[in-house]
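The shown structure was predicted, so the numbers you read here are calculated from the model rather than taken from an experiment.
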Amino acid sequence: MSLSAQPGVSGLVFWLACLAVSGCAGTQSKADSGSTIHVATAVESSTAAQAHVALRMAMYSDRRPTAATRKVGDIRATVVNMHQSELVLDQDISSVVTAAIGNALAARGFQVSSATDGARTGDADVFQVSGSVRTFALDIGGRDLLAIAVETTLREGGGKVLWSGVVSEAGDRYAGVSGNTKDSIARYLASALKTVAEKTSVQVSDAARGARPDLFAQTLPTRNVVPGVEVIVPTAVSVPPPPRGRTDDAPALGRLSVTTTPPRAKVYLGDVYWGLSPLDLDLAPDIYSLRVTLDGYKPAREKVSVRRAVTTELEITLER
């Protein structure tokens, strides 16, 4: 695991502990060193770094079907200096992901420490991050197929969830006429993991700043739509005030109820992702452009009118 001094990191001991907990992941025999892949996790400091806000981070759990191993894929094509049929990391996947996201958060100015460390400030001023690795795979073949998906949850000091979501990165590439090498595979994995870590740090930073702006040195615009991010628990969304001149006590909002066949499709209003179907949204009265997507199905688009104090039901059947 590559560790570098990052501004705002108060828990480098934690990252070293990650190695120890993962079964001496950082120490490998000479016989093993040539057959495993090392993924670098260092991240350069961001120009958007904030004040050093305390953040405790738990080790990410490995929820992959192959969680008991360090295997990330199969090798079905020639790789220079590698002769095995499986692609295996030299560290536990949970340690690699935890370090990468921790470094990305530190680069954004958080003072990262282990979730087991004693509080350095009042509990209310310390954020908590935990998560799990859903997918971490790279298959080497005629085309290299990559997929990473990491779930992260941010809580305030009292335990309330401020944001939760899954950040994914997927792709494929042709290794070219020169073919794959051990180093090129390691760089490909490291680049994808860096993208996941940085997108995660953006979401966590936005949610933390929105909940406690007083802890941060400056206010930056939030990014509500980030490709590759599936929001499970969104940050609070401000609701437009009721129209001027109203004197009645009727609700200012209307409700949009969206169901899809099959369910768990992604629902967008304009370019903003709101969640997975079935979904109930309380919205200001207006006409909205709605888009629904689901892997393996054609996107569906509808325009829908939301009226004050009325529930508008929308049922969409997706086509392959």
Side-chain angles (χ1 to χ4, degrees), residues 131-132 134-135 149-156 159-170 199-200 202-213 219-320:
S132 62
R134 293 186 176 184
T135 306
V150 179
E151 180 178 337
T152 298
T153 297
L154 171 71
R155 291 179 171 86
E156 63 180 4
K160 177 184 177 182
V161 175
L162 299 176
W163 180 85
S164 183
V166 178
V167 177
S168 304
E169 182 73 7
K199 286 183 179 181
T200 300
V202 166
Q203 297 296 311
V204 168
S205 178
D206 284 353
R209 189 171 58 248
R212 290 295 306 275
T219 300
L220 297 174
T222 59
R223 289 148 285 263
N224 292 320
V225 181
V226 178
V229 177
E230 175 188 329
V231 178
I232 299 174
V233 179
T235 53
V237 178
S238 60
V239 176
R244 293 182 180 180
R246 280 190 51 205
T247 57
D248 59 275
D249 294 327
L253 304 178
R255 171 161 291 191
L256 175 61
S257 180
V258 182
T259 58
T260 64
T261 303
R264 295 192 63 78
K266 296 180 179 179
V267 179
Y268 298 82
L269 293 182
D271 293 325
V272 179
Y273 171 70
W274 285 77
L276 298 176
S277 62
L279 188 64
D280 291 328
L281 302 173
D282 292 323
L283 302 167
D286 203 344
I287 296 177
Y288 293 88
S289 295
L290 180 140
R291 177 168 56 93
V292 175
T293 64
L294 180 64
D295 289 345
Y297 292 83
K298 297 178 181 178
R301 291 177 171 81
E302 297 282 353
K303 282 197 172 182
V304 58
S305 174
V306 175
R307 292 167 290 172
R308 181 167 61 90
V310 173
T311 296
T312 301
E313 296 183 356
L314 182 62
E315 298 180 356
I316 298 176
T317 299
L318 297 173
E319 298 179 356
R320 289 191 178 275

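In terms of heavy-atom proximity, Glu169 sits nearest to Lys199 at OE1-NZ, 4.0 Å. Here the closest heavy-atom approach between residue Val258 and residue Val267 is recorded as CG1-CG2, 4.3 Å. Scanning all heavy atoms of the two residues, the minimum distance from Thr312 to Ser305 falls at OG1-O, 3.4 Å. Listed here is the closest heavy atom pair of Ile316 and Glu302: CD1-CG, 4.1 Å. Taking all atoms of both residues into account, the shortest heavy-atom contact from Val306 to Arg255 is CG1-N, 4.2 Å. Scanning all heavy atoms of the two residues, the minimum distance from Glu315 to Thr259 falls at CG-OG1, 3.3 Å.
When side chains are defined from C-beta on, Thr260 does not count as touching Leu294, because their heavy atoms never get closer than 4.5 Å.
The CG atom of Asp295 sits 6.5 Å away from the NZ atom of Lys266 when rounded to the nearest 0.5 Å. Taken from CD in Glu313 to CG in Asp280, the straight-line distance is 9.0 Å, to the nearest 0.5 Å. Summarising the geometry, atom OH belonging to Tyr297 is positioned 10.5 Å from atom OG1 belonging to Thr317; distances are rounded to the nearest 0.5 Å. The structure places CG of Leu276 at 5.0 Å from CZ of Arg264, a figure rounded to the nearest 0.5 Å. Taken from CG in Leu283 to OH in Tyr288, the straight-line distance is 4.5 Å, to the nearest 0.5 Å. Atoms CG and NZ, on Leu290 and Lys303 in that order, are 12.0 Å from each other to the nearest 0.5 Å.
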- [ ] May I have the step-by-step check of side chain to side chain contact (heavy atoms under 4.5 Å, CB included) for Leu281 and Trp274, ending in yes or no?
- [x] CA-CA 8 Å; Leu281 302 173; Trp274 285 77; 3.5 Å; yes
Task: Stepwise side chain to side chain contact (heavy atoms under 4.5 Å, CB included) test for Thr152 and Val167 - done: CA-CA 8 Å; Thr152 298; Val167 177; 5.9 Å; no
Open item on the list: One pair to check against side chain to side chain contact (heavy atoms under 4.5 Å, CB included): Glu151 and Ser164. What are the steps and the verdict?
Closed with: CA-CA 7 Å; Glu151 180 178 337; Ser164 183; 4.2 Å; yes
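In this structure, the side chain of Ser277 engages the main chain of Ala265 through a donor-acceptor pair within 3.5 Å.
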